[in-house]
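Here's the structure we're looking at; comments come further down.
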Number of protein chains: 2
Amino acid sequence: MRDADAPLHSKQRSRLIDVANHAGVTKSVVSRVLNNDRTLSIREETRTRILDAVRDLGYQPHTGARALAGASTRALALLIPDLTNPVYSRITRGAVQQARARGFAMLLAEDSADFGVDRQFADLVASHRVDGLLIASARPDHPLLGMLPDSRIPHVFVNRVVAGSGRNISLQIEAASQAALDHLLALGHRRIGHVSGPEQLAPTVSRRAGLLGAAAAAGIPEPSIESGEFNEQGGYAAATRLLADHPDLTAIYASTLNQAIGVLSAVHAAGLRIPGDISVISYDDLPLAGFLHPPLTAIAMPLMELGQAAVDALCAQLEGAPPKDVLVPGAPEVVVRGSTGPPRSGPPAGTAKVPS
Amino acid sequence: MRDADAPLHSKQRSRLIDVANHAGVTKSVVSRVLNNDRTLSIREETRTRILDAVRDLGYQPHTGARALAGASTRALALLIPDLTNPVYSRITRGAVQQARARGFAMLLAEDSADFGVDRQFADLVASHRVDGLLIASARPDHPLLGMLPDSRIPHVFVNRVVAGSGRNISLQIEAASQAALDHLLALGHRRIGHVSGPEQLAPTVSRRAGLLGAAAAAGIPEPSIESGEFNEQGGYAAATRLLADHPDLTAIYASTLNQAIGVLSAVHAAGLRIPGDISVISYDDLPLAGFLHPPLTAIAMPLMELGQAAVDALCAQLEGAPPKDVLVPGAPEVVVRGSTGPPRSGPPAGTAKVPS
DNA sequence: GACGCCTAGAAAACCGGTTTTCCCCGGCGG
DNA sequence: CCGCCGGGGAAAACCGGTTTTCTAGGCGTC
């Protein structure tokens with residue numbers, strides 16, 4: 001058992017057996033050392049000899065062989081609804097970083113209109129490609145929800161509360177709505193509009209509930225609400241309806257940043273000034289918000305932390321802990337920019353096309 | 001060999017051997033049928049019996065076992081510089097969709113400032129986790145570039161020309177600059193500014209070269225150029241410098257959409273009107289552009305197609321074809337919105353802080 | 001009728017790990 | 001002196017596929 005016994009396939013990938021030969025032990029010992037098997041007793045000297053061999057040969061375990069032998073794949077999969085939405089991008093960033101920090105690779109899938117993603121996503125686990133799933137797109141009617149509970153697939157829901165699942169990773173959405181309203185109230189607003197999201201989505205409901213609850217508590221008139229898709233067009237359309245139907249509004253709270261951009265556009269198109277005629281505030285803050293016209297007041301949410309927390313929670317499941325709901329800490333913070341100000345005193349000054 | 005021989009682990013994942021028993025053949029035959037082995041001769045009846053068994057048992061091959069046995073992992077990895085940049089998001093979307101269409105899973109990594117990503121990225125291949133790499137972030141000084149050529153790792157460069165690599169998947173960038181200039185020329189502009197990107201990046205250079213070449217050919221004064229990072233702040237800073245140093249400019253061409261948003265903001269901040277005082281046009285078009293203030297004229301590039309083409313090219317390599325450069329077809333198209341118009345006749349009317 | 005060939009599929013040898021079992025050896029207690 | 005025990009590691013049995021090799025029978029041919 002000398003070093004000369006080591007194979008000399010210079011250019012070759014080295015395998016566990018190569019490391020074992022190089023260190024003068026059997027591969028089982030090397031495996032157990034690398035995996036910190038507590039039931040193995042080994043001399044310190046031998047252990048360092050093995051670790052040296054691993055380093056010298058640049059040993060990299062074969063993921064497939066490892067998975068086959070019953071160990072985990074050390075890979076997770078993330079399912080998100082829309083890759084181009086910067087909010088999900090930040091969640092994704094947090095998740096990818098945290099996964100990497102924990103030694104996991106991250107697979108990505110986009111839900112979109114792509115029929116069959118759900119099935120394929122479940123197959124990722126069935127084919128032992130990943131150890132668990134991060135699901136950021138669970139609509140109540142999502143087919144995936146039907147298949148997950150029976151299976152033993154470890155998974156968490158990110159930013160999407162699935163009632164009773166006991167594995168929801170979420171933000172303090174109600175508190176965010178409260179903070180938005182507080183900001184508007186402090187400025188003197190009382191007639192407020194809300195651009196909401198698709199009806200079935202949990203964040204939509206939470207944001208709305210938070211706003212309505214806070215408004216009732218503050219004793220102001222009930223906010224007017226219009227819904228739209230979570231994109232610029234959805235925000236534009238909803239805001240246009242709000243402005244036409246409720247000329248007395250002095251502020252609009254948008255449910256997402258993308259919608260807020262549409263809201264700004266709609267208010268401009270109506271000939272109103274921001275914040276002179278209408279103040280606009282948005283859930284979600286990103287650097288982009290500061291460069292809009294006017295710069296957008298927004299509520300910063302810990303999105304990257306959300307992604308990280310989701311990975312942490314999933315890893316906890318993988319280590320055997322029972323799943324549990326997680327509320328990501330960190331109070332929502334209002335980033336005040338130019339799109340909010342005191343309410344106008346009279347009726348809107350703009351050239352909004354009000355019904356004649 | 002009757003059906004009764006099949007194991008009855010009802011709830012169990014079924015394996016190749018289970019399918020074989022169910023069909024009354026050996027697993028080698030099943031494997032070869034599933035992989036379309038042309039050297040296998042088999043009766044049509046037996047083949048359908050096997051395929052039926054596969055369906056009945058919901059057989060799903062074990063990815064790891066397959067990879068271990070020498071076949072491919074059917075997974076690719078994508079390395080992008082910035083997850084939150086919507087331009088990369090669209091490239092990612094195209095790549096993920098195409099990978100899925102071809103039966104590949106997609107792993108994701110973000111390059112950012114994260115030290116060690118390059119090494120870890122190469123390890124993805126070393127550990128047989130993926131079959132190939134899509135690299136959308138190759139700066140000339142990127143450490144990854146040093147390690148790739150010697151290795152036999154299949155890879156392509158996306159939207160980032162690495163000279164001499166012979167595996168660049170790129171867009172018609174020069175043509176896009178030409179189109180942008182043509183649009184401005186048609187409106188009557190002659191003094192044009194360009195907000196460029198980081199100096200070392202290939203797209204930066206191409207965009208600039210395309211513009212300068214087209215300008216020279218048109219016989220107008222050489223465009224003024226300032227560089228900035230590929231984000232809103234970078235565009236803001238560069239545009240601010242352009243406006244201060246060159247008060248005679250009547251139009252600005254921004255290198256990316258994010259920069260263009262910063263440009264709009266900077267022009268507003270300088271007290272100038274768009275397009276009254278300054279026209280703004282951007283490379284990259286996204287839905288977002290239509291909701292800015294004013295709506296942004298932009299050059300639509302086939303970004304999803306770029307991502308798809310990259311996957312196609314990589315798959316071709318995996319199938320044995322030698323790597324080659326690919327220029328994604330589809331001529332750049334100018335989407336005209338409100339941010340461009342005829343040049344003003346006199347000096348800028350705004351309250352720009354010009355040196356007193 | 002013997003031989004070769006082709007068809008249809010069986011058998012078995014891997015791939016590179018993990019994990020359980022087993023063994024050898026030295027020390028210690030009775 | 002013998003048996004037992006525990007430390008240190010060897011051996012081997014898997015995991016679930018892929019791929020190469022091998023074989024039994026049927027058929028055409030000389």
Side-chain angles (χ1 to χ4, degrees), chain A residues 1 5 7 9 12-51 53-54 57-75 126-129 131, chain B residues 1 5 7 9 12-51 53-54 57-74 125-129 131:
Chain A
M1 289 290 182
D5 289 345
H9 321 131
Q12 219 59 19
R13 248 181 61 81
S14 56
R15 299 153 306 167
L16 191 60
I17 186 79
D18 300 324
V19 175
N21 289 340
H22 193 101
V25 296
T26 57
K27 59 177 190 166
S28 68
V29 183
V30 178
S31 173
R32 297 169 69 185
V33 164
L34 290 181
N35 293 321
N36 285 319
D37 184 340
R38 313 311 303 266
T39 74
L40 168 70
S41 71
I42 191 171
R43 283 181 316 203
E44 196 52 34
E45 175 212 321
T46 312
R47 174 194 297 279
T48 61
R49 191 150 35 89
I50 291 176
L51 294 178
V54 166
L57 276 63
Y59 170 69
Q60 192 72 11
H62 188 297
T63 315
R66 185 177 250 178
L68 179 54
S72 70
T73 62
R74 299 206 73 74
S127 63
H128 276 81
R129 209 187 263 290
D131 296 333
Chain B
M1 288 294 181
D5 290 345
H9 321 131
Q12 219 58 19
R13 246 181 62 81
S14 57
R15 299 154 305 167
L16 192 59
I17 186 79
D18 299 325
V19 176
N21 289 340
H22 193 100
V25 296
T26 56
K27 58 177 191 167
S28 68
V29 184
V30 179
S31 173
R32 297 169 70 186
V33 164
L34 290 181
N35 293 320
N36 284 318
D37 184 341
R38 314 310 303 267
T39 75
L40 168 71
S41 69
I42 190 170
R43 283 183 315 207
E44 197 52 35
E45 174 213 321
T46 312
R47 175 194 299 278
T48 61
R49 191 151 34 90
I50 291 176
L51 294 178
V54 166
L57 276 63
Y59 171 66
Q60 192 71 12
H62 188 297
T63 315
R66 186 177 247 180
L68 179 55
S72 71
T73 62
R74 299 206 73 76
V125 180
S127 62
H128 276 81
R129 210 187 262 289
D131 296 333

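These numbers come from a predicted model, not from an experiment. Each chain gets a letter, A, B and so on, in the order the sequences are listed, and its residues count up from 1.
Here dT20(D) is the nucleotide among dG16(D), dT20(D), dA10(D) with the atom lying nearest to any side-chain atom of Arg32(B). Looking at the side chain of Thr26(B), the nearest of the listed nucleotides dG9(D), dA11(C), dT18(C) is dA11(C).
Two residues are said to be in side-chain contact when any heavy atoms from C-beta on lie closer than 4.5 Å; Arg129(B) and Arg74(A) meet this criterion. Between Ile42(A) and Ile50(A) the shortest side-chain heavy-atom distance falls below 4.5 Å. No side-chain heavy atom of Val25(A) sits under 4.5 Å from any side-chain heavy atom of Val19(A).
Put simply, CD1 on Ile42(A) is 14 Å from P on dG7(D), counting in whole angstrom units. Rounded to whole Å, atom P of dG17(C) lies 12 Å from atom CG of Asn21(A). Taking atom CZ on Arg38(B) and atom C1' on dA8(C), their separation rounds to 16 Å, with Å as the unit. Atom P of nucleotide dG16(D) and atom CZ of Arg129(A) are separated by 17 Å, given to the nearest angstrom. Rounded to whole Å, the distance from CZ on Arg43(B) to C1' on dA8(C) is 7 Å. Atom NZ of Lys27(A) is separated from atom P of dA10(D) by 13 Å (rounded to the nearest Å). Summarising the geometry, the separation between CG on Leu40(B) and C1' on dT19(D) is reported as 12 Å, rounded to the nearest angstrom. Whole-Å rounding puts the Leu68(A) CG to dC15(C) P distance at 14 Å.
Contact annotation: Arg66(A) reaches the phosphate of dT18(C) (side-chain N/O to OP1 or OP2, under 4.0 Å). Within the structure, every side-chain polar atom (N or O) of Arg49(B) is placed at least 4.0 Å from both OP1 and OP2 of dA8(C). Phosphate contact (OP1/OP2 of dG16(D), side-chain N/O of Tyr59(B), threshold under 4.0 Å): absent.
Among the protein residues, Thr46(B) comes within range of the sugar-phosphate backbone only, with heavy atoms under 4.0 Å from sugar or phosphate atoms but none that close to a base. Residue contacts shown for Leu16(A) include a base, since a base heavy atom lies under 4.0 Å away.
Interface remark: the Ser28(B) side chain does form a donor-acceptor pair with the dA11(C) base, using a distance-only criterion of under 3.5 Å. Ser41(B) contributes a side-chain N or O that forms a donor-acceptor pair with the base of dA8(C) under 3.5 Å.
Closest approach of Val29(A) to Leu40(A), counting heavy atoms only: O-CD2, 4.2 Å.
Mapping Arg47(B) and Ala69(B) onto DNA chain C by nearest heavy atom places Arg47(B) at the nucleotide closer to the 5' end.
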* Carefully, step by step, assess Asn35(B) and Arg66(B) under the rule side-chain contact (heavy atoms from CB on, under 4.5 Å). => CA-CA 11 Å; Asn35(B) 293 320; Arg66(B) 186 177 247 180; 3.8 Å; yes
